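Attaching a single structure in structure tokens format; questions to follow.
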Number of protein chains: 2
Amino acid sequence: MEKRASARQRDTTGYLGRMVSETAEGNGKRSEAGAVRYQKLAADMRRAIEAGKFGNDGRLPSEESLAEQYGVSRGTVRNALALLRANGLVTSRRGTRRVILGTARTQSFHELLSFTNWARSLGEEPSARTIHARVRAATAVEGERLQLDPGNDITEVLRLRFLGRVPVMLERTVYPVRVGEVIETLAPDSLSHTGALDASGVVFADSEHTIDIVAADETDARLLGCAEGAGLLREVRRATDPTGTPLLWSEDRFLPGTVSFTVHNSATVSSLARRRAPR
Amino acid sequence: MEKRASARQRDTTGYLGRMVSETAEGNGKRSEAGAVRYQKLAADMRRAIEAGKFGNDGRLPSEESLAEQYGVSRGTVRNALALLRANGLVTSRRGTRRVILGTARTQSFHELLSFTNWARSLGEEPSARTIHARVRAATAVEGERLQLDPGNDITEVLRLRFLGRVPVMLERTVYPVRVGEVIETLAPDSLSHTGALDASGVVFADSEHTIDIVAADETDARLLGCAEGAGLLREVRRATDPTGTPLLWSEDRFLPGTVSFTVHNSATVSSLARRRAPR
DNA sequence: TAGTGGTCTAGACCACCGG
DNA sequence: CGGTGGTCTAGACCACTAG
């Protein structure tokens, strides 16, 4: 192989582009109607890619020619492409046409927050058994997690989650009362709490997911049917509204072999962090 | 609490913006010099936020006024803000000023790919013991993973990784020969393979990380010093160059309690997928 | 050197939030 | 209703890739 000239030549790819609400483009429940131009465009191009309509050299047409074809400005094309890029569908590099990578698999924001949505997107039948749900004063830790003053009330929910008839995950969720009030109006084993919140006008805007491994405690073992001390995959979810106010904090423990998490990163934008485990 | 009017009012936040190479902004090794305008701007604004220079109402100035202050166009400001947004530093919502969320902690692309970089960014002393490294024909599976024809050669490396003196992770990496050739020129226990590739001009552009839980096999148990069958946190890393050509495929198994992974998502752009576990 | 994607500008209009 | 962020346009120049 030929010798490369120098190091430090990398990072020149310094991207940019725009983004976009994957909302209308991905497999979320929101439909394509109501989406703005670049979102429809992205959906369109995604289909075109999957149908192989861009020829078989594995390259996309230039932004200029796409703009012409679709009758929009280059900026709008770039917005759409940024969407596909973020999901790992296409590359981007200065100097050459974009390369088609394949079909992206990133899930929509709501599928990540809602076990029910997620299960359905997989073609599985989700269900839930509420172990308990109660209102009580927040501990100091909970107060901090939800940005409440300690002593404020929270709603605490413990639910066992199933795919088909098989228990898969144990969910320990804490809501600020404000949010929890909505939950309390629901039937005991109602499926999608997140969906209900959604429907009642609660707006989820950002979330953070931390993944690690934890030993099953006595409760986990009993409800999930595993040995005490066995390793479980833990996902801690935190969600906030558009103003940054916490809406929920949840610690979910999955049986091994039931889920995996995949993150896509590019040199230009990365949303993943690897840390030392807590404690 | 007042009743919210209607559902389906959510998703209006349909963001957009631009992105940017976190490269110059985050804690990557590339310096700020050489960065373009919006990158410097982002770095600047990050510092301003951390120093509390935007007042204590927790809000950012309007894009317009930021553009004026910094003497750039609104588009450039939006590019910079998109960067901060992607890292969870600020929110964005139509109609109101952006809200400051806090200090983001997302790691740079290279820290995710390189155990050595990662460890150092934590202030820990990384080391490595190479168990074996060899060149052999690719299996069918490997061929597919690296997009090679089966029978093509690959370089296979098995390394035990330490933080301080403590074994933390066992790394099974496969490179296409083209890439592996660089590795072979290195000293047996040289620290950063990724760094070496980097220095020799190999350009990493995209990566995908899949995280799940796996039972320790006999090799894992022996080298990591855990019980056979114990749960380990598995991270499968795949990296490609800007053209989409695979550069490496690695399966890393971490002892429990050593790492956690955090992903930030927003309703407008999400890079995380939750799946059923393989098999 | 020609073509392509990345950066930047200037201006426009709209949807939404809050008073 | 005014201010703000989201979308879109049109045009310019630059950095880079590949022939």
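By convention in this document, chain letters (A, B, ...) are assigned in the order of the sequence lines, proteins followed by strands, and residues within each chain are numbered from 1. Every value quoted in this text rests on a predicted model; they were computed, and no experiment measured them.
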- Message: Can you identify which nucleotide, out of C:dG18, D:dT9, C:dT4, has its nearest atom closest to the A:Ser73 side chain?
- Response: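 Out of C:dG18, D:dT9, C:dT4, the nucleotide with an atom closest to A:Ser73's side chain is D:dT9.
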- Message: In whole Å, I'd like the distance from the CD atom of B:Glu64 to the C1' atom of C:dC14.
- Response: 15 Å
- Task: Could you walk me through whether B:Arg85 and A:Asp206 pass salt bridge (Lys or Arg N to Asp or Glu O under 4.0 Å), step by step?
- Result: CA-CA 10 Å; B:Arg85 173 101 172 74; A:Asp206 286 88; 3.3 Å; yes
- Which of these nucleotides, C:dC8, C:dT4, D:dT17, is closest to any side-chain atom of A:Thr96?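 When the side chain of A:Thr96 is considered, D:dT17 is the closest of C:dC8, C:dT4, D:dT17.
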- Rounded to whole angstrom units, what separation is found between the CG atom of B:Asp241 and the P atom of D:dC16? 17 Å
- Over how many whole Å does the gap from A:Arg78 atom CZ to C:dT4 atom C1' extend?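 A:Arg78 atom CZ is separated from C:dT4 atom C1' by 10 Å.
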- Item | Nearest-neighbour nucleotide for the A:Glu63 side chain, C:dC8, C:dG5, D:dT17 considered |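 Nearest listed nucleotide: C:dG5.
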- Which of these, B:Asp241, B:Thr194, B:Leu197, sits in a side chain to side chain contact (heavy atoms under 4.5 Å, CB included) with B:Val202?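 By the side chain to side chain contact (heavy atoms under 4.5 Å, CB included) criterion, B:Val202 pairs with just one of B:Asp241, B:Thr194, B:Leu197: B:Leu197.
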- Is the closest basic N to carboxylate O distance between A:Arg98 and A:Glu63 below 4.0 Å? yes
- Task: Rounded to the nearest angstrom, tell me the gap between atom CZ in A:Arg97 and atom C1' in C:dG6.
- Result: 16 Å
- Item | Note: A:Glu235-B:Arg274 ion pair, threshold 4.0 Å (strictly below) | yes
- Query: Which whole-number value in Å describes the distance from B:Leu81 CG to C:dC8 C1'?
  - Reply: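 That distance rounds to 15 Å.
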- Note on the structure: Out of C:dG5, C:dC8, D:dT9, minimum distance to the side chain of A:Ser62 belongs to C:dG5
- Side chain of B:Ser92 - closest among C:dT4, C:dC8, D:dG5: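 Per side-chain heavy atoms of B:Ser92, the pick is D:dG5.
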- Spacing of A:Arg93 atom CZ relative to C:dG6 atom C1', expressed in whole Å: 13 Å
- Report yes if a side-chain nitrogen or oxygen of A:Arg59 is closer than 4.0 Å to either non-bridging phosphate oxygen (OP1 or OP2) of D:dA18; otherwise report no.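 For A:Arg59, the contact criterion (side-chain N or O under 4.0 Å from OP1 or OP2 of D:dA18) is not met.
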- Could you please name the option among C:dG6, D:dT9, C:dC8 that lies closest to any side-chain atom of B:Tyr38? C:dC8
- Measure distances between side-chain N and O atoms of B:Arg74 and base N and O atoms of D:dG6, and say whether any donor-acceptor pair falls under 3.5 Å. yes
- Once you apply the 3.5 Å cut-off to both distances, tell me the Watson-Crick or G-U wobble partner of C:dT4, or none.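 Partner of C:dT4: D:dA15.
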- Query: Is there a donor-acceptor contact under 3.5 Å from the side chain of A:Asp149 to the main chain of A:Asn152?
  - Reply: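 Not at all, since once roles are kept as given, no pair shorter than 3.5 Å links the two residues.
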- Query: Choosing from D:dG6, C:dC8, D:dA15, which nucleotide comes nearest the side chain of A:Arg94?
  - Reply: D:dA15
